[in-house]
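Note sheet for the following structure.
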Amino acid sequence: MNPGTSSFTEFLGSYAPDLLPGRRMSNLAGGTPGNVEIPHATTIVAVTFPGGVVMAGDRRATAGNMIAQRDVEKVFRADEFSAVAIAGTAGIGMEIVRLFQVEIEHYEKMEGRTLSLEGKANRLATMIRGNLGMAMQGLVAVPLFAGYDTDRGVGRIFSYDPAGGRYEEQDFHSIGSGSVFARGALKKLWRPDLDASDAALVCVQALYDAADDDSATGGPDLIRRIYPVVATVTGDGYRRLAEEEIADLAQTVVDGRHDSPGGPTAPLR
């Protein structure tokens, strides 16, 4: 066994290809997904601010018209200076995230240095491309990747298509079934001088708007105390906001909607 490659995905593909996410799901499904209702994860948003980036995701997973899970995790720490989140087929997406985390760690151990943010984004694109077969059968898992570029000292956001195409987004972005509604809110609320706290609030406002119009996106559940997952990535590293911090943000948004159901408004002129 030769572990010489710096890519764990290539190593796994050489010695145990059936353990790759796309292959495993294909084997389990007998090559076709059929009519089985598989949980899907939805809306993810990311916003840059001076000195970093914020990523947030709602907690709902749906299978057809049913809520499959109310507190699913969709935003993950990729490494010290980056975060990754998934939308689409939940099972495949989570397998890809776990493999991506190992991929980055494996590279650092083999090369003795960290991979650049752009290098991480490219590695993730390659992994998504490896799932193209399952995507063609309808089992699409699309990530959103964001992190702090230690060379440039800025936060950056990367999106992907199911074929592994990689695109750098400016200022903000969203993915998932509620993304069109979330993106409208982000466009309205984003400012270049946001601080980390306000950027997190913008993300929660956008997720609220997505949940307002998309049944597959879950809003803040104040009764069950289920709130979006919100994480910041700055020069100090990855930090998932504490439950109390997110609860305060969610309460602020919900309280504001009592008086203004449409949320904050931008100046007309």
Side-chain angles (χ1 to χ4, degrees), residues 43-58 74-75 77-85 87 116-122 124 142-160 166-176 178-213 217 220 227-242 245-246 248-253 255-257 260 262-269:
T43 313
I44 306 295
V45 299
V47 168
T48 62
F49 63 93
V53 63
V54 174
M55 181 177 283
D58 78 302
K74 304 175 189 176
V75 179
R77 177 186 186 274
D79 73 344
E80 184 179 1
F81 291 109
S82 62
V84 61
S116 68
L117 189 67
E118 195 136 349
K120 296 170 198 171
N122 290 337
L124 185 55
V142 181
L144 188 63
F145 178 66
Y148 180 76
D149 190 323
T150 55
D151 295 325
R152 299 187 187 180
V154 297
R156 300 172 68 186
I157 301 170
F158 297 90
S159 66
Y160 300 84
R166 193 215 74 176
Y167 312 96
E168 181 163 4
E169 306 293 344
Q170 301 299 317
D171 306 330
F172 55 79
H173 194 64
S174 64
I175 62 171
S179 62
V180 63
F181 309 108
R183 205 170 304 170
L186 295 173
K187 183 183 291 184
K188 184 174 64 175
L189 298 176
W190 183 84
R191 303 285 185 276
D193 57 349
L194 292 171
D195 60 22
S197 177
D198 285 345
L201 182 59
V202 166
C203 288
V204 177
Q205 292 276 14
L207 289 176
Y208 189 100
D209 280 340
D212 205 26
D213 286 301
T217 303
Y227 308 109
V229 173
V230 183
T232 64
V233 189
T234 67
D236 294 327
Y238 175 95
R239 185 177 81 89
R240 173 174 169 156
L241 270 61
E245 294 177 85
I246 303 173
D248 288 344
L249 291 174
Q251 191 67 58
T252 299
V253 171
D255 289 346
R257 299 297 173 122
S260 179
T265 56
L268 184 59
R269 295 179 183 276

Considering all heavy atoms, the nearest [X]-[Y] contact:
X	Y	answer
G262	D209	O-OD1, 4.3 Å
L124	P143	CD2-CG, 3.9 Å
G155	V53	CA-CB, 4.2 Å
P267	R191	CD-NH2, 4.2 Å
A56	L207	CB-CD1, 3.9 Å
L241	I246	O-CD1, 3.5 Å

Side-chain heavy atoms of [X] within contact of [Y], under 4.5 Å:
X	Y	result
H173	F158	no
D236	Y148	no
M55	V233	no
T48	V154	no
F181	D212	no
R77	R240	no
L186	V202	yes
V47	W190	yes

Euclidean distance, [Y] [atom2] relative to [X] [atom1], rounded to 0.5 Å:
X	Y	atom1	atom2	value
D255	D248	CG	CG	10.5 Å
S197	L249	OG	CG	6.0 Å
D193	F49	CG	CZ	12.5 Å
E118	E168	CD	CD	6.5 Å
Q251	Y227	CD	OH	7.0 Å
D171	L194	CG	CG	10.0 Å

Between the main-chain N or O of A121 and the side-chain N or O of Y160, is there a donor-acceptor pair closer than 3.5 Å? yes
Show, in sequence, the C-alpha distance, side-chain angles and deciding distance for K74 and V229, and conclude whether the side chain to side chain contact (heavy atoms under 4.5 Å, CB included) test is met. CA-CA 8 Å; K74 304 175 189 176; V229 173; over 6 Å; no
Test: K120 and D149 ion pair at under 4.0 Å: no
Would you call E169 and R183 a salt bridge, taking side-chain N to carboxylate O under 4.0 Å as the test? no
Test side chain to side chain contact (heavy atoms under 4.5 Å, CB included) on L117 and T150 and set out the steps. CA-CA 8 Å; L117 189 67; T150 55; over 6 Å; no
